[in-house]
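Residue numbers start from 1 in every chain, and the chains themselves are labelled A, B, ... in the order their sequence lines are given, proteins ahead of strands. Because the structure is a prediction, the values reported are computed rather than measured.
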Amino acid sequence: MNSTITAPQKLSQVPDENGRFGEFGRRFVPETLMHALEELTAEYARAKADPSFSEELAGLFRHYVGRPSPLYFAERLTKLCGGARIYLKREDLNHTGAHKINNAIGQALLTKRMGKSRVIAETGAGQHGVATATACAHFGLPCVVYMGEEDIRRQKLNVFIMRTMGAEVRPVTSGSRTLRDAINEAMRDWMSSVAGTHYIIGSVVGPHPFPMMVRDFQSIIGRETRQQCLEQLGRLPDEVIACVGGGSNSAGMFYPFVEDASVKLTGVEPGGRGTKPGEHASTLSYGVKGVLHGSYSYVLQDADGQTQDVHSVSAGLDYPGVGPEHSFWKDTGRVQYTPVNDQDALAAFDLLAKQEGILPALESSHAIAQVLKTARSRSASDIVVVCLSGRGDKDVYEVARLRGETI
Amino acid sequence: MAFMPFITAGDPDLAATQAVLHELAARGVDLIEIGFPYSDPIADGPVIQASYTRALAQHLHVNQIFATVRETTANAAQPLPPLVAMVAYAIIFRMGPEKFVADACQAGFSGLIVPDLPADEAAELSRICRAAGIDLVELIAPTTTPARTQRILETATGFIYCISVAGITGVRDELPAELQEQLKWLKSQTKLPLAVGFGISRPDQVDSLRGLADGVIVGSAIVRHIGAISESQVPLPTALQNLGTLAAQMVAATHK
C-alpha cells in the first residue's frame, strides 16, 4: 500500500475530527466563538456515547414528538402518476408539524446537559423557531428567536405560536431581512452571550460541530424510513427524494442510506422563478465553493465573495448556502441535486391536498413536484420514498395571497 | 502607545475614503485599518455593519478598493502610516488567497486581519503572507484559552489584536476588569505588540491600558462620524473635521 495516498473518507464516516466532509465544512468563525465550539464538540461526543442521553432522547421522540412517524403509501398519487409506488415519510405528523422538532429537542436536551441557561435560535419559515420555542417550553429554558422582518410578514401564524410558547421573537431588519440575516444576528448575540447561552442552529449549516450534530439528530428520519421499508415492503427503496434549503430534513433522510448503493438519492432545490442570480435559491445547482456562516460549502455569491439575494416561494428554502455534507455528496456524486420552480411546487401543494388529503409545506411541495415528474418513468415495482418534511398550514396565507384571495 | 483607527472603505464612496485617509495621516495616527465591506459580517455591531451595507449598495468592488488605496499611497503629500486590511475570509477565498495577497501588497497594505479565520484554518494564508512579506494579524479573545493562545502565538506576525470583550464591535462605556490581567499574561508570552480593540471610543479609556497595551484600535466611533454624512446629511468637510478632532484627541492620549 502506498502510504502517501490517503484513503478517501467513507461516506458514512464524515466529518473527521476537524469537521471536514471531504474538503467542506470546518470552522470559519471569530476567535471569540472557537472555545465554545470546541467545548460543544467535546460535550456532544460525550452525550453521544452516553446511553442515558440516547434513552432520554428516544423517550422524548416517542412520547413528546410522537415518533415513529408513519411511512404512508400514497395510492391515489401513485395511480395518477402511473409508475413507481410512492411512499411518504410523514414528518408533517410530528408535534409542531415538521421535522425541525427532532433537532430542537435534541439540542435542547444537550443545552440542559451543558448546564447552559438560555437558548437562542434563528428561523426562516418559522418552523425551527416554533420547534425551538416548544422544546424550550418543555425544558423551561428562556428562548430568543431571531427572525427576518420579511419572514415575520410571511409567517404570522408561527410568530404567534412562538410568542404563545413564551419565546421572544426579535425582528431582524438588516440586509435582506430573511433567514440569512437572522443567522447573522443570532451569531452576534452568541458572540456576547456564549458563556451561558446555547445557539440551537436549525439546519445542517454553520461551523463544526453543528452540521454533524443536526444531521445526527435528524437521522432518525432516515433510520426509521429504512427500517419501515424493510419491515413493510421487504426491501430498500429504489429512490429517496427530499427538499434541500440548508438541508436538514434531506441530510437526516439521506445519511442512513448513503452506504446503500442501490438507493438513488435526490435532493430538490428551490428553483424560484428563474435561473438568474436573485431568482432562485438553488445553491448546489448554480453556486460556487465559498465561505458563509462559519463553514466552507457551496454558496450563492458574486465574483467578490458577497452573498447574493435569493428567492423562493417557500420561506424555509430561501437561503443562499447549504450544509457542507450536501456539498460533499454533490462532489462525490452520491446525491443528485435538481431544482424545482415555484410554480411546480405550488401545483404539487394543490395536487397532494386533492389527491391524498394532505396539505404539504411549500418546502416539502418541492420534493412532491419532483416525484410527480419522475415516477411515471419508473416501473410499477419500483419504490420511491418522498420526505414530507412538514405540513402546509403555515403556508396558507402566502398561497392565498398568490392566488389573489384573502383569508 | 500607538493609535490605530478603523475605517470602512467606500463609505459613502471611495473619494470620501481618500479624504479620510489623508485626514487621519495629517492627525498623526500610527496605523490605519481599512475594512472591506462584506455582506454578512458576524463580528460587527450595527455601526460598522450599516457602513458595509451603504458601501455595498453603491456596488463597491474589491478591485476598486485596491486601486483607490494604491492611488492614495502613491500620491500622498505626506506618507501614510502603515495600512492593514480588515477583510472577511469569504472575500479572500473567492478571489484566491495568492491573488488577494499579491494585490494587497501592490496596493500598499502591510498587513491583513481576517476576523473569521481562526488560527486553526490559517496555515495556508499564513504561508502566503509570509512569502509576500505581509503580516497576518491574529486575534485573541477573552474566551481564548491559554492552550489556544500558545498555538495562535506560534504563527502570529505584526501585532496581536486583543479583543477586549466577548462580543461584537461597538462603543462601550467600560472595559472589562479581566482585560488588564489578560494583557499582563499575554505580555509575558510574546514579544509582539499588543493592540486592544472592540468597545473603545474615548481618550479617557486609554489610561487603563497604559503600560499594558502597545496600541489602541477605535472603529465604530470613527465610522460613526463618516456615517453621519449619509445618516444625518452632515457635509463631508464637517464629518472630516469631527473625525479629525477625535483622532487628534486619541493620538494625544496614546502618545502621552
Side-chain angles (χ1 to χ4, degrees), chain A residues 17-20 25-39 172-176 179-197 199 206-208 288-297 299-309 320-321, chain B residues 36-46 49-50 52-53 55-57 59-65 87-96 100 114-122 138-149 151-152 161-163 165-170 172 198:
Chain A
E17 68 279 9
N18 298 312
R20 288 172 182 259
R26 297 139 70 177
R27 285 183 188 133
F28 295 92
V29 292
E31 174 58 27
T32 305
L33 293 179
M34 286 300 285
H35 177 58
L37 293 170
E38 286 174 347
E39 262 186 350
V172 176
T173 56
S174 56
S176 62
L179 176 58
R180 159 192 154 205
D181 303 282
I183 295 179
N184 291 337
E185 221 40 57
M187 290 250 190
R188 288 187 191 112
D189 180 315
W190 206 33
M191 294 268 289
S192 320
S193 62
V194 65
T197 295
Y199 175 19
H208 179 61
V288 295
K289 293 174 188 178
V291 172
L292 177 67
H293 290 147
S295 69
Y296 171 56
S297 192
V299 291
L300 290 168
Q301 59 176 206
D302 69 13
D304 271 356
Q306 310 289 353
T307 310
Q308 283 170 333
D309 286 337
Chain B
F36 283 52
Y38 175 49
S39 53
D40 297 82
I42 53 177
D44 283 302
Q49 197 199 357
Y52 283 179
T53 304
L56 292 175
H59 306 289
L60 178 73
H61 293 293
V62 173
N63 56 12
Q64 295 171 307
I65 301 175
V87 52
Y89 191 62
I91 294 174
I92 297 176
F93 180 84
R94 187 73 166 111
M95 182 179 261
F100 188 94
V114 191
D116 57 349
L117 188 71
D120 318 54
E121 291 288 350
E138 301 275 5
L139 297 97
I140 289 179
T143 52
T144 308
T145 58
R148 282 194 61 78
T149 303
R151 257 188 290 155
I152 292 167
Y161 191 128
C162 306
I163 302 170
V165 289
I168 52 178
T169 60
R172 288 177 180 82
F198 282 44

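Of all residues spanning residues 301-309 of chain A, those with a heavy atom less than 4.5 Å away from chain B's heavy atoms are Q301(A), D302(A), A303(A), D304(A), G305(A), Q306(A), T307(A), arranged by number.
Side-chain contact between M191(A) and I163(B): absent, with no pair of heavy atoms (C-beta onward) separated by less than 4.5 Å. In this structure the side chain of Y161(B) never reaches within 4.5 angstrom of the side chain of I140(B), judged on heavy atoms.
If you measure heavy-atom distances from D40(B) to chain A, the contacts under 4.5 Å come from both the backbone and the side chain. Heavy atoms closer than 4.5 Å to chain A are found in the side chain of T145(B), but not in its backbone. If you measure heavy-atom distances from V299(A) to chain B, you find no contacts under 4.5 Å at all. Both the backbone and the side chain of Y38(B) come within contact range of chain A, with heavy atoms under 4.5 Å apart.
The closest donor-acceptor contact from the side chain of R20(A) to the backbone of G25(A) lies at 3.5 Å or more, if one exists at all. A side-chain donor-acceptor contact under 3.5 Å links D181(A) to the backbone of S176(A). The backbone N or O of T169(B) lies less than 3.5 Å from no partner atom in the side chain of D44(B), so there is not a single donor-acceptor pair. Of the possible polar contacts, none joining the R27(A) side chain to the P207(A) backbone as a donor-acceptor pair under 3.5 Å is found. Under a 3.5 Å cut-off, the side chain of T32(A) and the backbone N or O of A166(B) do not form any donor-acceptor pair.
For the atom pair CZ of F36(B) and CD1 of I92(B), the computed distance is 8.5 Å after rounding to the nearest 0.5 Å. I65(B) contributes atom CD1, which lies 4.5 Å from atom CG of L60(B) (distance to the nearest 0.5 angstrom). The distance from the CD atom of Q49(B) to the CD1 atom of I168(B) is 8.5 Å, given to the nearest 0.5 Å.
The candidate from W190(A), F28(A), Y296(A) with the greatest count of non-hydrogen atom pairs under 4.5 Å with chain B is F28(A). Among A119(B), P41(B), P142(B), the residue with the largest count of heavy-atom pairs under 4.5 Å with chain A is P41(B). Put simply, of A88(B), P115(B), A43(B), the one with the most heavy-atom pairs under 4.5 Å next to chain A is P115(B). The candidate with the highest count of non-hydrogen atom pairs below 4.5 Å against chain B, out of H35(A), K289(A), R26(A), H293(A), is R26(A).
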